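What you are looking at is a predicted structure, and each value in this text was computed from that prediction instead of being measured. This chain uses plain numbering: 1 for the first residue, then up along the sequence.
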Amino acid sequence: MADPTPVIDDLCAESDELDRLVAGLREDGWRLPTPAPGWTVAHQIAHLAWTDRSALLAVTDADGFQKLVEAALAAPYSFVDEGAEEGARAEPAELLARWREDRAALADALRAAPAGARFPWYGPPMSAASMATARLMETWAHGLDIADALGVVRPPTDRLRHVAWLGVRTRDFAYAVHQLTPPAEPFRVELTAPGGEDRWVYGPEDAAQSVTGPALDFCLLVTQRAHRSDLALTAHGPDADRWLDIAQAFAGPPGGGREPESGREPESGRESKAGRESKAGREPGTGREPEAGSELQGEAAP
């Protein structure tokens with residue numbers, strides 16, 4: 001059974017880094033549009049606060065969380081946007097304070113959770129480690145949206161290993177949500193970690209099909225923050241190639257993804273969009289995943 005402490009620590013670090021990015025914004029900064037249509041910086045933080053609060057209820061008040069599930073079922077295609085819209089109406093100082101309070105309470109609750117406990121969620125029940133992993137994935141992805149709006153660069157960190165692991169774990173879900181039969185055999189996934197010195201490897205060494213490339217590009221792909229043709233990922237095998245077209249590390253219907261910026265098909269060895277944009281002083285392209293409040297189950301990354 002995975003110890004949730006490392007991923008909870010990384011979730012807190014990811015949230016704190018994003019907090020520092022928005023804490024000093026003036027009112028007009030909070031109203032800047034982000035790549036998510038109709039969402040400002042305030043909407044992005046309001047969504048994170050809303051989802052952290054939902055996760056806190058799931059861990060500490062199952063009956064209270066059930067009421068949220070019922071509300072979601074009553075408005076399955078709008079409840080996420082409605083929650084963000086309501087939160088975004090608050091004054092920035094109030095919104096920031098609410099997010100800080102709820103995310104700190106969630107981290108404390110996850111640390112205090114009994115070993116082996118599982119909590120209700122919008123998808124399958126989740127362990128403390130899986131809840132923290134999903135929250136980190138979403139915090140990172142929405143942080144990219146905010147950084148893009150502000151025109152700042154957030155260098156990738158080793159915390160991306162949790163996002164990458166979740167992307168690998170959700171392979172079969174991506175096939176299923178597109179009404180495709182998942183491959184019977186696992187893939188080998190070999191990713192170059194930020195910094196270029198380490199590799200993150202998943203799946204059997206003798207797998208017939210594989211995916212290789214930068215970990216950042218893989219994380220951008222599975223959170224649908226960039227189009228595959230703008231990334232330096234290589235698939236070996238037809239099923240692995242198909243996966244890169246449909247991958248998503250979040251629950252809900254198939255995401256629409258981002259439009260390609262390069263206008264070219266993937267080329268093995270081509271510099272990634274992330275690398276090109278970092279050199280240009282911009283954060284890699286971002287977006288918002290559909291039904292972002294309902295991430296999939298997953299344990300902590302190894």
Side-chain angles (χ1 to χ4, degrees), residues 6-26 29-36 39-49 51-52 92 95-96 99-100 103 107 132-167 191-198 200 213-227 230-233 249-250 257-258 261 271-289 292 295 301:
V7 67
I8 296 171
D9 289 344
D10 282 348
L11 169 61
C12 292
E14 189 70 31
S15 299
D16 289 346
E17 183 177 298
L18 179 55
D19 190 309
R20 289 190 292 272
L21 187 61
V22 300
L25 291 180
R26 299 178 305 185
W30 286 86
R31 305 307 167 193
L32 286 173
T34 68
W39 277 31
T40 64
V41 170
H43 285 84
Q44 299 284 352
I45 295 297
H47 174 68
L48 291 176
T51 316
D52 285 341
L95 173 57
L96 186 57
W99 179 44
R100 287 171 173 171
R103 76 178 198 247
T133 301
R135 297 306 308 126
L136 190 154
M137 180 270 290
E138 192 178 24
T139 301
W140 176 76
H142 287 284
L144 287 181
D145 295 352
I146 292 170
D148 193 69
L150 299 177
V152 302
V153 174
R154 296 185 70 207
T157 72
D158 282 346
R159 295 190 295 270
L160 284 183
R161 71 185 185 276
H162 303 292
V163 182
W165 184 88
L166 192 58
L191 304 174
T192 304
E197 296 182 359
D198 296 329
W200 300 338
L216 173 60
D217 285 24
F218 183 75
C219 293
L220 290 169
L221 183 81
V222 300
T223 57
Q224 297 192 355
R225 260 53 189 183
H227 191 275
D230 293 315
L231 302 172
L233 296 171
F250 49 88
R258 305 301 302 279
E261 293 189 2
E271 182 182 29
S272 72
K273 171 190 176 187
R276 296 195 311 275
E277 292 193 344
S278 292
K279 289 179 181 178
R282 294 198 295 119
E283 182 61 60
T286 57
R288 177 172 61 90
E289 69 271 20
E295 289 78 6

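Using cut-offs of 30° and 60° on the angle between ring planes, the pair His142 and Trp39 is parallel.
Exactly one of Asp217, Asp145, Asp148 qualifies for a salt bridge (Lys or Arg N to Asp or Glu O under 4.0 Å) with Arg225. That residue is Asp145. Checking Arg154, Arg20, Arg161, Arg103 one by one against Glu14, the salt bridge (Lys or Arg N to Asp or Glu O under 4.0 Å) holds for a single residue, Arg154.
Side chains of Leu216 and Leu160 form a contact here, defined as non-hydrogen atoms less than 4.5 Å apart. Two residues are said to be in side-chain contact when any heavy atoms from C-beta on lie closer than 4.5 Å; Phe250 and Glu138 fail this criterion. Under the 4.5 Å side-chain criterion, counting only non-hydrogen atoms from C-beta, Trp99 is in contact with Leu18. Annotation: side chain of Pro214 is in contact with side chain of Leu233 (closest heavy-atom distance under 4.5 Å).
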Practice prompt. List the steps and the verdict of side-chain contact (heavy atoms from CB on, under 4.5 Å) for Ile146 and Val152.
Written response: CA-CA 9 Å; Ile146 292 170; Val152 302; over 6 Å; no
Practice prompt. Could you check Leu25 against Leu150 for side-chain contact (heavy atoms from CB on, under 4.5 Å), going step by step and ending with a plain yes or no?
Written response: CA-CA 10 Å; Leu25 291 180; Leu150 299 177; 3.9 Å; yes
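For Ala132 against Ile8, the heavy-atom pair with the smallest separation is CB-CG1, 3.9 Å. The two residues Val153 and Pro155 have their closest heavy-atom pair at O-CD, 3.5 Å. Of all heavy-atom pairs between Ala226 and Leu231, the closest is CB-CD2, 3.9 Å. Between Ala249 and Met137 the shortest heavy-atom distance is O-CE, 3.3 Å. In this structure, Thr139 and Leu48 approach most closely via the heavy-atom pair CA-CD2, 3.9 Å. A pairwise comparison of heavy atoms in Pro194 and Ala215 identifies CD-CB, 4.4 Å as the closest pair.
Using modelled atom types, no side-chain atom of Asp10 and backbone atom of Arg159 make a donor-acceptor pair closer than 3.5 Å. A donor-acceptor distance shorter than 3.5 angstrom exists from the side chain of Asp230 to the backbone of Glu261, with no hydrogens or angles considered.
The distance from atom NE2 of His162 to atom CH2 of Trp200, rounded to the nearest 0.5 Å, is 8.5 Å. Expressed to the nearest 0.5 Å, how far CG of Leu95 lies from CH2 of Trp30 amounts to 5.0 Å. In this structure, CG in Leu221 is found 9.5 Å from NE2 in His227, a value given to the nearest 0.5 Å.
With hydrogens and angles left out, the side-chain atoms of Thr34 and Gln44 include a donor and acceptor closer than 3.5 Å.
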